[in-house]
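Just so you know, these numbers use all the heavy atoms, side chains as well, and skip hydrogens, waters and symmetry mates. Residue numbering restarts at 1 for every chain, and letters A, B, ... go by the order of the sequence lines.
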2 protein chains.
Amino acid sequence: MSALLPVRDTLDIIGGKWKLLILISIWEGNKHFREIERSIPKLSTKVLSKELKDMEENQLIIRTVLNGFPVRTQYTPTEHSKTLKKVILELQNWGINHRKEIFGDTSEKDNSIRV
Amino acid sequence: MSALLPVRDTLDIIGGKWKLLILISIWEGNKHFREIERSIPKLSTKVLSKELKDMEENQLIIRTVLNGFPVRTQYTPTEHSKTLKKVILELQNWGINHRKEIFGDTSEKDNSIRV
DNA sequence: GTAACTGGTTACTAAAAGGTAACTGATTAC
DNA sequence: GTAATCAGTTACCTTTTAGTAACCAGTTAC
């Protein structure tokens with residue numbers, strides 16, 4: 001069925017443990033490598049490096065090297081990446097409802113969308 | 001970071017290579033183990049077995065054993081699983097637009113099940 | 001001079017995921 | 001009696017992914 005190709009394309013890009021975390025971290029204002037690294041617990045330098053490369057390739061972020069003394073790079077989200085917000089909203093809503101459905105969790109402690 | 005938990009919950013459940021393919025196959029009318037297996041190229045018995053267990057645990061499908069001569073099991077989608085259709089639609093739309101954005105691909109030629 | 005910061009890379013190791021094929025037990029068809 | 005179908009399970013092996021830690025160059029602060 002034809003839904004599968006595009007869905008798989010999408011999951012290939014934003015699936016996995018870290019990509020969405022990283023994107024959200026950048027959306028929240030973290031621009032530099034070490035900054036992003038520190039903002040996401042348990043994320044290692046090596047993995048971050050690889051994920052950022054993937055994301056740049058897929059045009060979700062732009063990497064700029066600033067000429068300065070303690071060499072700085074800057075990561076900024078592309079306009080294109082912002083189209084992911086709808087997807088994330090659906091994934092988020094489903095996750096919340098699923099949790100209720102499965103665990104009967106009605107607490108709804110935090111459903112703000114700080115993205 | 002509150003979008004992240006639910007999003008990760010969702011991706012844990014439907015992420016990965018096979019779960020959505022399997023769910024769609026079942027939605028399309030394939031009910032039995034070998035039937036589902038044969039409908040998805042490159043999917044092995046072992047992996048299908050594991051994926052179906054995960055999906056049953058997450059209440060996306062129901063497994064019923066029919067008492068008969070060449071023992072048959074039946075997999076049916078839950079009502080709850082149908083709430084995924086919105087999510088899938090968004091993932092699908094994003095995938096299509098992303099492909100256009102990145103490759104300028106307007107052909108939409110190949111909508112067969114590539115695995 | 002020493003340590004710490006920047007953005008990573010490299011090498012080694014450990015864990016997780018996936019592939020292949022054989023095998024189960026009951027039954028049907030030839 | 002032989003082969004095939006059903007729904008899986010098990011054991012073994014390979015591939016992929018991830019974690020750890022050391023290290024690069026250049027600069028700043030003490």
Side-chain angles (χ1 to χ4, degrees), chain A residues 4 8-23 25-26 28-58 60-78, chain B residues 4 8-23 25-26 28-58 60-77 113-115:
Chain A
L4 289 174
R8 283 254 301 258
D9 284 350
T10 304
L11 290 177
D12 282 350
I13 291 163
I14 62 164
K17 249 178 148 171
W18 302 113
K19 296 211 173 65
L20 285 175
L21 287 166
I22 293 167
L23 196 54
S25 170
I26 294 173
E28 283 175 347
N30 298 304
K31 296 181 196 318
H32 308 293
F33 191 91
R34 296 292 185 207
E35 214 173 36
I36 298 164
E37 187 179 10
R38 281 190 300 256
S39 76
I40 303 172
K42 310 252 174 189
L43 173 57
S44 72
T45 310
K46 184 180 135 189
V47 171
L48 176 56
S49 172
K50 184 191 151 282
E51 298 290 68
L52 286 171
K53 272 178 197 161
D54 289 351
M55 292 168 73
E56 201 194 350
E57 234 168 54
N58 288 312
L60 298 180
I61 54 171
I62 293 163
R63 178 176 178 272
T64 324
V65 181
L66 307 171
N67 44 2
F69 316 128
V71 180
R72 303 215 94 188
T73 53
Q74 199 178 339
Y75 293 91
T76 46
T78 60
Chain B
L4 288 176
R8 283 252 301 257
D9 283 351
T10 304
L11 289 178
D12 282 350
I13 291 163
I14 62 163
K17 248 178 148 171
W18 302 112
K19 295 211 175 64
L20 285 176
L21 288 165
I22 293 167
L23 196 53
S25 170
I26 293 173
E28 284 175 347
N30 297 304
K31 297 181 196 317
H32 307 293
F33 192 92
R34 297 291 183 208
E35 215 173 35
I36 298 164
E37 187 179 12
R38 279 190 301 257
S39 76
I40 304 171
K42 310 253 175 186
L43 173 58
S44 72
T45 310
K46 183 180 138 188
V47 171
L48 176 57
S49 172
K50 184 191 150 281
E51 298 291 69
L52 286 171
K53 271 179 198 159
D54 289 352
M55 293 168 72
E56 201 195 350
E57 234 168 54
N58 288 311
L60 299 181
I61 53 172
I62 293 163
R63 178 177 177 273
T64 324
V65 181
L66 307 173
N67 45 1
F69 317 127
V71 180
R72 303 213 94 188
T73 53
Q74 199 177 341
Y75 294 92
T76 46
I113 308 180
R114 181 200 59 187
V115 176

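In this structure, Arg34(A) places its CZ atom 18 Å from P of dT27(D), rounding to the nearest Å. Spacing between atom CD of Glu37(A) and atom C1' of dG7(C) amounts to 9 Å, rounded to whole angstrom units. For Leu43(A) and dG19(D), the CG to P distance is 8 Å, given to the nearest whole Å. If you take CD of Glu51(A) and P of dT9(C), they are 13 Å apart, rounded to a whole angstrom. Straight-line distance from the NE2 atom of His32(B) to the P atom of dT5(D): 16 Å, rounded to whole Å. Atom CZ of Phe33(B) and atom P of dC6(D) are 11 Å apart (whole Å). Computed from coordinates, the Lys17(A) NZ to dT17(D) C1' distance equals 10 Å when rounded to whole Å. The NZ atom of Lys42(B) sits 15 Å away from the P atom of dG18(C) (whole-angstrom rounding).
Rounded to 10 degrees, the angle separating the terminal axes of the helix from dG7(C)-dC24(D) to dC30(C)-dG1(D) is 30°, with each axis obtained from five end pairs.
Listed pair Arg38(A) / dT6(C) meets the phosphate criterion, a side-chain N or O lying under 4.0 Å from OP1 or OP2.
Judged by distance alone, with hydrogens and angles left aside, Arg63(A) brings no side-chain donor or acceptor close enough to the base of dG7(C) to form a pair under 3.5 Å.
Checking dG18(C), dG7(C), dG19(D) against the side-chain heavy atoms of Thr73(A) singles out dG7(C) as nearest. When distances run from any side-chain atom of Tyr75(A) to the nucleotides dA18(D), dG18(C), dG8(C), the shortest one goes to dG8(C). The nucleotide whose nearest atom lies closest to any side-chain atom of Val47(A) is, among dA18(D), dG8(C), dG18(C), dA18(D). Counting only heavy atoms from C-beta on, Arg72(A) has its side chain closest to dG7(C) among dG7(C), dT9(D), dA7(D).
Thr45(A) comes within 4.0 angstrom of a nucleotide base, judged by non-hydrogen atoms across all strands. Residue Lys50(B) is classed as having no contact, given no heavy-atom separation below 4.0 Å to the nucleic acid.
Residues Arg63(A) and Leu52(A) form no side-chain contact, since every pair of their non-hydrogen atoms from C-beta on lies 4.5 Å or further apart. By the 4.5 Å heavy-atom criterion applied to side chains, Leu60(B) and Ile26(B) are not counted as neighbours.
Between the CD atom of Glu57(B) and the CD1 atom of Ile13(B) there is a distance of 10.5 Å, given to the nearest 0.5 Å. To the nearest 0.5 angstrom, Gln74(B) atom CD is 11.5 Å from Ile61(B) atom CD1.
When the nearest nucleotides of DNA chain C are assigned to Leu52(A) and Lys46(A) by heavy-atom distance, the more 5′-ward of the two goes with Leu52(A).
Look at Asp12(A) and Arg8(A) and you find no salt bridge, because none of the NZ, NE, NH1 or NH2 atoms lies under 4.0 Å from a carboxylate O.
Within the 3.5 Å criterion, the main-chain N or O of Lys31(A) finds a donor-acceptor partner in the side chain of Glu35(A).
The side chain to side chain contact (heavy atoms under 4.5 Å, CB included) test with Arg34(B) singles out one residue from Leu48(B), Thr45(B), Thr73(B), and that residue is Thr45(B).
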